[in-house]
K.L.:
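My questions will all concern the structure given below.
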Amino acid sequence: MAGKPRLHYMNARLRMEPVRWLLAAAGVEFEEQILESREDMEKLINDGSLMFQQVPMVEIDGMKLAQTRAILNYIAAKYNLYGKDIKERALIDMYSEGIADLNEMILRLPIFPPDEQDAKITQIRERTTNRYFPAFEKVLKSHGQHYLVGNRLSKADIHLVEVIYYVEEIDPSLLTNFPLLKALKTRISNLPPVKKFLQPGSQRKPPIDAKTLEEARKIFKI
Amino acid sequence: MEDKKPKLHYPNGRGRMETIRWVLAAAGVEFEEEFLETKEQLQKLQDGNHLLFQQVPMVEIDGMKLVQTRSILHYIADKHNLFGRDLQERTLIDMYVEGTLDLLELIIMHPFLRPDDQQKEVVSMAQKAIFRYFPVFEKVLRDHGQRFLVGNQLSLADVVLLQTILALEEKIPNILASFPHLQEYSVKVSNVPTIRKFLEPGSKKKPPPDEIYVRTVYNIFMPS
């Protein structure tokens, strides 16, 4: 089963994008089976390909992996992006989980009706500025190293830089008081496979628009 | 530092800490608890920089202040041989745990729903359990005929699944009616000596959430 990993999802960021980023950063080429309709989704379900009848699903190394975190952890372990021991893994996990919480807030933003958007954006700004960015700035300051954990690249760095890009899409000024995060973003963005992923024409997905959101509602029945 | 007992910081109730209590108990690890009762106590932990993201659960363990439920669970599982023998087993366990935690999340959030929504949510939980999650595990057990979900040994997946089954049975007593393998499994895993001890009265297992617990959580975590 030496083929490329195959990602099953719709043509949107949502819950698959961290997987795309991580594979890309690891320099791993991947294929995508794009879900375009509810029928596509039901076919996958009826095939028995989806452990809990959900996507993301990634075919990799003979397995059909379900559950975003399990997928990310497998990729990280396989490509040496998960630290060198149990304590480094704990730190990477902790940082990844915090980032995932912030990413979840940003991911859900388009789902809220127009009259709730301002309040939700305010909450994202507040959490970014007072909770998440300070935590990671402090981590980088505490050891002065180029990466969050163990002086080498891990999934935590990739996830953090991804979410920094999303925060900047909402408001670039949010990164202002976090020089070490800025430096991390630059450093990671300049890694050749990440640089390639950031260029137009890559498999990176754009922010969700109204049409894609409608498509998502149909495909995922929400 | 490695000899100190882990210390858990959380209100005196299940919530997001209960799975951690289960796994520590299953691993045979004694632990201490510092119960949060007031907003001021939470503030003190936050101001003292003990909480990476200002949140609990937090577990002091092996010189670290670990936050985020999953990282705590993974660390304990890794340390105590509850995460499989290799990457393949680990990944299976991870998938099973993630699915089960999605179901458990409904149970965790349930007491905080509006009373009108609570009954509806029990139905929804039951449907998800019966149509999405239980069939997966029933099939796994039926196909390999082993005592535990992965690799013929107790893992994090078994502990989280048993916790979830028992919590669901509290609300829906016959939830396992159509799942004979899960019924047998539930009994077998409950009889693992460390787990059996945890299931006996007087252990650190917490009772189902009641009004006092819900009020305490609101007092601590809601903005004033």
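Note that these values count all heavy atoms, side chains included, but never hydrogens, waters or copies made by symmetry. Here is how names work: the chains are called A, B, and so on, in the same order as the sequence lines, proteins then strands, and each is numbered from 1. Everything quoted here is computed from the prediction, not taken from an experiment.
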K.L.:
Any carboxylate oxygen within less than 4.0 angstrom of a Lys/Arg side-chain nitrogen, looking at A/Lys205 and A/Glu17?
P.N.:
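Between A/Glu17 and A/Lys205 there is no salt bridge, as every charged N stays at least 4.0 Å from the carboxylate O atoms.
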
K.L.:
Most heavy-atom pairs under 4.5 angstrom with chain A, which of B/Gln55, B/Lys128, B/Gln54, B/Gln88?
P.N.:
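With the most close heavy-atom pairs to chain A, the winner is B/Gln55.
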
K.L.:
Name the member of A/Val139, A/Asn130, A/Thr68, A/Ile86 that forms the most heavy-atom pairs with chain B at distances under 4.5 Å.
P.N.:
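When all of A/Val139, A/Asn130, A/Thr68, A/Ile86 are compared, A/Ile86 has the most.
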
K.L.:
Please list, in residue-number order, every residue in residues 41-54 of chain A that has a heavy atom less than 4.5 Å from any heavy atom of chain B; write 'none' if there are none.
P.N.:
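Against chain B, the residues of residues 41-54 of chain A that fall inside the cut-off (heavy atoms, under 4.5 Å) are A/Met51, A/Phe52, A/Gln53, A/Gln54.
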
K.L.:
Return the minimal non-hydrogen interatomic distance between B/Pro11 and B/Ile220, and the atom names on each side.
P.N.:
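Closest approach of B/Pro11 to B/Ile220, heavy atoms only: CG-CD1, 4.0 Å.
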
K.L.:
With a 4.5 angstrom heavy-atom cut-off, could you sort out which part of B/Val136 is near chain A: side chain, backbone, both or neither?
P.N.:
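The side chain, not the backbone.
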
K.L.:
Can you tell whether the side chains of B/Lys206 and B/Glu18 come within less than 4.0 Å, N to carboxylate O?
P.N.:
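Looking at B/Glu18 together with B/Lys206, the answer is no, because their closest N to O distance does not fall below 4.0 Å.
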
K.L.:
Between B/Phe137 and chain A, which part of the residue has a heavy atom less than 4.5 Å away: side chain, backbone, both or neither?
P.N.:
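B/Phe137 touches chain A through side-chain heavy atoms alone.
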
K.L.:
When the ring planes of A/Tyr132 and B/Phe53 are compared, do they come out parallel, tilted or perpendicular, using 30° and 60° as the limits?
P.N.:
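It falls in the tilted class, 30° to 60°.
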
K.L.:
Between the side chains of B/Arg16 and B/Glu105, is the shortest nitrogen-to-carboxylate-oxygen separation below 4.0 Å, so that they form an ion pair?
P.N.:
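Answer for the salt bridge query: yes.
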
K.L.:
Indicate whether any N or O donor in one side chain lies under 3.5 Å from an N or O acceptor in the other, for B/Asp158 and B/Tyr96.
P.N.:
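Not at all, the side chains of B/Asp158 and B/Tyr96 share no donor-acceptor pair under 3.5 Å.
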
K.L.:
Among residues 153-167 of chain A, which ones touch chain B with a heavy-atom distance under 4.5 Å?
P.N.:
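Counting heavy atoms that sit under 4.5 Å from chain B, no residue of residues 153-167 of chain A is involved.
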
K.L.:
For each of A/Met63, A/Lys78, A/Gln67, tally heavy-atom pairs with chain B at distances under 4.5 Å, and name the one with the top tally.
P.N.:
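Highest number of pairs under 4.5 Å: A/Gln67.
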
K.L.:
Going by an N to O cut-off under 4.0 Å, is there a salt bridge joining A/Arg15 and B/Glu98?
P.N.:
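Between B/Glu98 and A/Arg15 there is no salt bridge, as every charged N stays at least 4.0 Å from the carboxylate O atoms.
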
K.L.:
In terms of side-chain heavy atoms, does B/His181 have a donor or acceptor partner in B/Glu138 at a distance below 3.5 Å?
P.N.:
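There is such a pair between these side chains.
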
K.L.:
Quick check for you: among A/Ala66, A/Ala70, A/Ser96, A/Ala100, which has the greatest number of heavy-atom pairs under 4.5 Å with chain B?
P.N.:
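Highest number of heavy-atom pairs under 4.5 Å: A/Ala70.
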
K.L.:
Tell me, for B/Met64 versus chain A, whether the close heavy atoms (under 4.5 Å) come from the side chain, the backbone, both or neither.
P.N.:
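For B/Met64, side-chain heavy atoms alone lie under 4.5 Å from chain A.
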
K.L.:
Go through the atoms of A/Leu65 and report whether side chain, backbone, both or neither lie under 4.5 Å from a heavy atom of chain B.
P.N.:
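Both backbone and side chain of A/Leu65 come within 4.5 Å of chain B.
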
K.L.:
Assess whether a salt bridge exists between B/Glu60 and B/Lys5, defined as any Lys/Arg side-chain N lying under 4.0 Å from an Asp/Glu carboxylate O.
P.N.:
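No, this pair does not count.
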
K.L.:
Looking at B/Asp78 and A/Arg89, is any side-chain nitrogen of the basic one under 4.0 Å from a carboxylate oxygen of the acidic one?
P.N.:
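B/Asp78 and A/Arg89: salt-bridged.
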
K.L.:
With respect to chain A, which residue among B/Ile93, B/Leu52, B/Ile72 yields the maximal number of heavy-atom pairs within a distance under 4.5 Å?
P.N.:
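When all of B/Ile93, B/Leu52, B/Ile72 are compared, B/Leu52 has the most.
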
K.L.:
B/Gln68 and A/Asp101: side-chain donor and acceptor closer than 3.5 Å?
P.N.:
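Yes, side-chain donor-acceptor contact under 3.5 Å.
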
